[in-house]
Amino acid sequence: MTDLIDTEATVAPHSPHDPDQWHPTACILCENNCGVEIKVSETGRFTRIRGDKAHPESKGYTCEKALRLDHYQNGRHRLTTPMKRMPDGTHQPIDWDTALQEIADRFLAVRNNHGGEKIFYYGGGGQGNHLNPPHGIALHRAFGGKYRSGALAQEKTGEFWIDGQMVGGHTTGDFHHTEVAIFVGKNPYQSHGIAEARRVLKAIANDENRSMVVIDPRVSETAALADYHLQVRPGTDAWCLQALVGTIVQEGLTDDSFIRDHVTGAAGPLGRFAVVPVQKYADICGVPEEQIRAAARRIATAKSACIYEDLGIQMGINSTLCSYLNKMLWVLTGNFAKEGGQNRHTHLIDITGGGRQSGVSPVTGERIIAGLVPCNAIPAEILTDHPERFRAMIIEASNPVSSLADTARWIEALEALDTVVVIDVAMTESARHADYVLPVSSQYEKWEATFFTGEFPQNTFQLRKPLLPPAPGTISEPEIHTRILKAAGLIPEQTFEELRAAAELGRAEFAGAFFEAAAKDPTVGAAAQIVLYDTLGPTLPDGAQNAALLWAIAHRVAPKFSAAINRAGIEGEGLELGENLFEALLSSQRGVVFTLDDYENSWDYVSTPDGKINIDLPEMLELLDALSTEGPTLTSDEFPFILAAGERRSFTANAIMRDPDWRKRDRSGALRISPTDATRLGFNEDSRVKITTPSGEAVSDIEITEIMQPGNISIPNGLGLDYPDETGEHMITGVAPNRLTDENHRDEFAGTPFHKHVPARLELA
Ligand SMILES: Nc1nc2c(c(=O)[nH]1)N[C@H]1C(S)=C(S)[C@@H](COP(=O)(O)OP(=O)(O)OC[C@H]3O[C@@H](n4cnc5c(=O)[nH]c(N)nc54)[C@H](O)[C@@H]3O)O[C@H]1N2
Ligand SMILES: Nc1nc2c(c(=O)[nH]1)N[C@H]1C(S)=C(S)[C@@H](COP(=O)(O)OP(=O)(O)OC[C@H]3O[C@@H](n4cnc5c(=O)[nH]c(N)nc54)[C@H](O)[C@@H]3O)O[C@H]1N2
Ligand code: SF4
Ligand SMILES: [Mo]
């Protein structure tokens, strides 16, 4: 096998090795990316992990998950050689050069025969690894690729669109300082999403002057801390939220001077909310009217309030409409651009694409929001004889067979493609259906970072150094993409050589040469991140080649956010500011504050034509008018339960953690059910039950618990993954949620799935 191991990948470890040294890095298991410090043994094990107190955002905080990251780094799932699928369906080792040349040739064939836009890119799903997708997207563009997607298009695109229409882009809540925190379908105690989440939640719960409003059908850990838990029936948020907003409008609790000065198009929405039948809608959502009214009054009369909405509505029915209604709670009460309110923020890369729609998908005509084809539409973009169908696919840092609706359809779709390439650390459920599987170095073996930089008033970024050399046989994504690009001959080697020579002279010389090359050859511009990696990259200190794209990013955002960058202590203006920002990002191994704002600066980032908040969104008002006045109707005699397929628990982390031993409790991820339902069906704690939905079935352990309301059942996300045991035999632990979900159950506007609202029935297995 040694001839299969890439020589460049087996460079000597950092030496001398000190097992007692703490290395600063970050946790990669959720979007908070808490700063941590790790001790690494001689054999590469993570022996100790603790929160990094010097990290400007997490300040030493972690949850229990970070402490067990060794299961990610050193699990038995790691791949160490590229694999190629053989005609008999098995995967066999192949050397890197052959694999990359074959991939290049096959993508060229698709481009030449059908057009580059038939190559689809799916990636960027990771919680800690965002340096790779820009390189993957660059490669995709260089081949003429046009369509792509990623996990955000199965959760956040509806909200992105609403924020985009209203204020020009993403908003964030100031939970550390707010008087009233509102969580809609969000359980930050487990899922985080706000820095130091549990500290913040407990501080609010323990302060009699502050309140928490939670809308959730379950008594989640967060709901248990709430002052107002509106325990809705699953899927009834559109009615509950209207009842809240209706109360605010009808009881004269709106902030009229704020609306007059800062809001455009209020008349239409206000007219509708003025006639909401609050009592009736309270009945539909199953929450006492007085409780809704009390929560509405508390929100509207507070000094400040802010909101976090998440999968409980974003993966539920009426999800884009619910996002719109949610935002009414902070707009109509004047809670924008202030301490404790909702705010716009800066970014390094705007992963929301400003929430803009850019056309529709080629076959099904679904809205493309934030540049992403709705995930639920992708199989239908492949499984058709439509001439515009996708023919090839690059999948990296994502596992769509496991993470997207309807596993069986996804497998069928991957099998139908001419060429599928999976780039991952593991032989995933998706990789099993790929023609080529390329093993990458883990996130602790390469320079990495995330672009979940969405904080306000201070925004931070952390560039992480590798703690370990690449695992034998692995290389990092930018190198993979560069080699495929070169194997396809998409940019002449001479261009790279000239740019490398310019980079040796200095960054000013490099900038001139780069723009000249891009003007001559559009592929240089299309593949800019790869070109930077291969030319500017080698000049960066400490081998930080993967971070070369930060140079372009720094120069792009410096003019946009110059005042905020200066306030963060990064000095200069114009090109000098861009260079200083780049240096600050490059040396941010414990995190750096790159922008610092005052609350009123939120208005600087509002990019609507009149600089006001626009709430006149005809598409949403139409949905509102068309909404049933009777409540949701997805259950039936055949499927009487509503299954929430994908709850966040203390040991779940999407599909990043494959080793079931990682989970300290609840190893198989039991289905949660109320005592009332369990008794009625004759289940006890030891029962194994069969879950049946219109699209699949599965067998699960159960946990009988008062936190579930009757009629609502819940399984965790991130289980049902394949993992080899000590003897090498493959085992699957727990239920794979997307064997039970349906691609057609999706939001009519943004195409986001109804994973929290799957009709189901249960019986003893
Ligand atoms: N531990 C852990 N943390 C994670 C992750 C993980 O895998 N594990 N994943 C990360 C990712 S990628 C994301 S997107 C976030 C998601 O974070 P969350 O959205 O907070 O997580 P969920 O548990 O999926 O859903 C939140 C709540 O929605 C409720 N819900 C279900 N149906 C309804 C409904 O009809 N209406 C309302 N209002 N609520 C409903 C559920 O009861 C649940 O308490 O978590 C992140 N953090
Ligand atoms: N039914 C249901 N489905 C869901 C959800 C739900 O609640 N219910 N939640 C959804 C949500 S919100 C999200 S965000 C998605 C996430 O789903 P995906 O976008 O598929 O992302 P992950 O599950 O995190 O998978 C990440 C992959 O990256 C690999 N990986 C780890 N490190 C690296 C690296 O450095 N480089 C590369 N190339 N690969 C690496 C891991 O092995 C894993 O295969 O799941 C979604 N799926
Ligand atoms: S999983 Fe826990 S430790 Fe890791 S980033 Fe999220 S909150 Fe922080
Ligand atoms: Mo997510």
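No experiment lies behind these values; they were computed from the predicted model shown. Indexing begins at 1, ligand by ligand and atom by atom, following the structure's order.
- In terms of polar-atom proximity, S191 is counted as a contact of ligand 1, with an N or O under 3.5 Å from an N or O of the ligand.
- Between N717 and L311, every side-chain heavy-atom pair lies at or beyond the 4.5 Å cut-off.
- Some N or O of K756 is nearer than 3.5 Å to an N or O of ligand 1, by distance alone.
- Using a 4.0 angstrom heavy-atom cutoff, H192 does not count as in contact with ligand 1.
- Taking a cut-off of under 4.0 Å to the non-hydrogen atoms of A653, the atoms of ligand 1 that pass are 6 (C), 7 (O), 8 (N).
- With hydrogens left out, the protein atom closest to atom 4 (Fe) of ligand 3 is C27 SG, 2.3 Å, a heavy atom.
- Taking the side chain as every heavy atom from C-beta outward, K664 and R68 approach each other to under 4.5 Å.
- The N/O atoms of D237, backbone and side chain alike, include one that comes under 3.5 Å of an N/O atom in ligand 1.
- Remark: ligand 1 and N654 share an N or O pair separated by less than 3.5 Å (distance only, no angle test).
- Scanning C34, C63, C30, A197 for the heavy atom closest to atom 2 (Fe) of ligand 3 points to C63.
- Residue contacts with ligand 3, taken as heavy atom pairs separated by less than 4.0 Å, do not involve V36 at all.
- Taking only nitrogen or oxygen atoms, main chain and side chain alike, D216 reaches within less than 3.5 Å of ligand 1.
- Side-chain contact between R464 and T450 is present, with at least one heavy-atom pair separated by less than 4.5 Å.
- At the shortest separation from atom 19 (O) of ligand 1 among protein heavy atoms lies L311 N, 2.9 Å.
- We find that E221 and R648 are not joined by a salt bridge, their nearest charged nitrogen and carboxylate oxygen being 4.0 Å or further apart.
- An N or O contact shorter than 3.5 Å is missing between R233 and ligand 1 by distance.
- No N or O atom of I313 sits closer than 3.5 Å to an N or O atom of ligand 1.
- Considering backbone and side-chain atoms alike, V232 places every N or O at 3.5 Å or more from each N or O of ligand 1.
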